[in-house]
A.B. asks: 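Supplied in structure tokens, the structure appears directly below.
Both counts, for ligands and for their atoms, begin at 1 and track the order of listing.
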Amino acid sequence: MGAIAVIGGTGMQDWPGLEVKRRKKIRTPYGEPSAPLVHGRVSGADVIFLARHGIGHTIPPHRINYRANLWALKRAGVRDVIAIAAVGGIARNMPPTGVGIPEDLIDYTWGREHSYADGVRRPLQHVDFSAPYSERVRNALLQGARRAGVRVAARGVMGVTQGPRLESPAEIRRLQRDGCTMVSMTGMPEAGLARELGLEYAALAVSVNWAAGLGTGDIHAEIETCVVRGMEKVRVILDMALPFLTAGVQHRR
Ligand code: HPA
């Protein structure tokens, strides 16, 4: 059985509670990943943790080497990937500190290296993306949340913007019209690359602010207060969800 990886983002640069066994720096044909892979143990499960924005949170969303990150995880024997994402809430069920497990996404990013199938190292490939997130990993997260007693939005659409600036209110209204219920800057090309490599990938999203134009206060102040509380929820959900992945959960819609 393959290993489980957790990619931590804003608010989760490291993982308190992870019993670290070793750190491994990996080189890939695509360059270096954001950080060394941290092999450790938590809740009875062996996991690999990767800090998406690097140690010290220095790499902006558009400069993350997503190809190297996913490649390194695949090479380390990973099968399941849980991507932690701090998001802006658009739908009512994604208020600040609210948690969601999206089932679909829209990619608004541009200019990022978004495929391995560049016709040079790998032949052209049109991966099936009609279910962008792994239903098995989503189910483990949903069951983990239920067991942890944390309410989650069980569906939702993640809009992924280029960043690093936050959006304008008109951009958020457009995302809303498109059906997005949350917005992040790192969800793509991560999910697409995971699919190209045959990894089972799902996102655990935490709203840390109302998206632009939807809240009343200062966005940065809101992010600062909500990120801590939101990530506490993430950690308890992970603790409860990991055993479902190691045991293997039934496919359920
Ligand atoms: N927009 C995009 N990404 C984000 C936001 C946001 O409002 N909050 C946290 N990540």
A.B. asks: Side-chain polar contacts of residues 224-233 - donor-acceptor pairs under 3.5 angstrom, sequence neighbours left out - could you list them?
C.D. replies:
unit_1, atom_1, unit_2, atom_2, d
T225, OG1, A221, O, 3.2
T225, OG1, E222, O, 3.1
K233, NZ, T97, O, 2.7

A.B. asks: Would you call R122 and E196 a salt bridge, using N to O less than 4.0 angstrom?
C.D. replies: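 The answer is no: the pair does not qualify as a salt bridge.
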A.B. asks: Tell me which residues fall inside the under-4.0 Å heavy-atom shell around ligand 1.
C.D. replies: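 Lining ligand 1: A86, V87, G88, L166, E167, V183, S184, M185, V208, N209.
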A.B. asks: Partners of K21 by salt bridge (Lys or Arg N to Asp or Glu O under 4.0 Å), sequence neighbours excluded?
C.D. replies: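 K21: salt bridge (Lys or Arg N to Asp or Glu O under 4.0 Å) contacts with E19.
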A.B. asks: How would you list, by chain and number, every residue that makes a side-chain contact (heavy atoms from CB on, under 4.5 Å) with D14, sequence neighbours excluded?
C.D. replies: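 side-chain contact (heavy atoms from CB on, under 4.5 Å) list for D14, sorted by chain: P16.
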A.B. asks: Determine whether a donor-acceptor pair (N or O, by modelled atom type, separation under 3.5 Å) exists between the side chain of Y116 and the backbone of R67.
C.D. replies: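 Yes, because the side chain of Y116 sits within donor-acceptor range (under 3.5 Å) of the backbone of R67.
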A.B. asks: Judged by modelled atom types alone, do Y201 and E190 share a side-chain donor-acceptor pair under 3.5 Å?
C.D. replies: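 Per modelled atom types, Y201 and E190 side chains form a pair under 3.5 Å.
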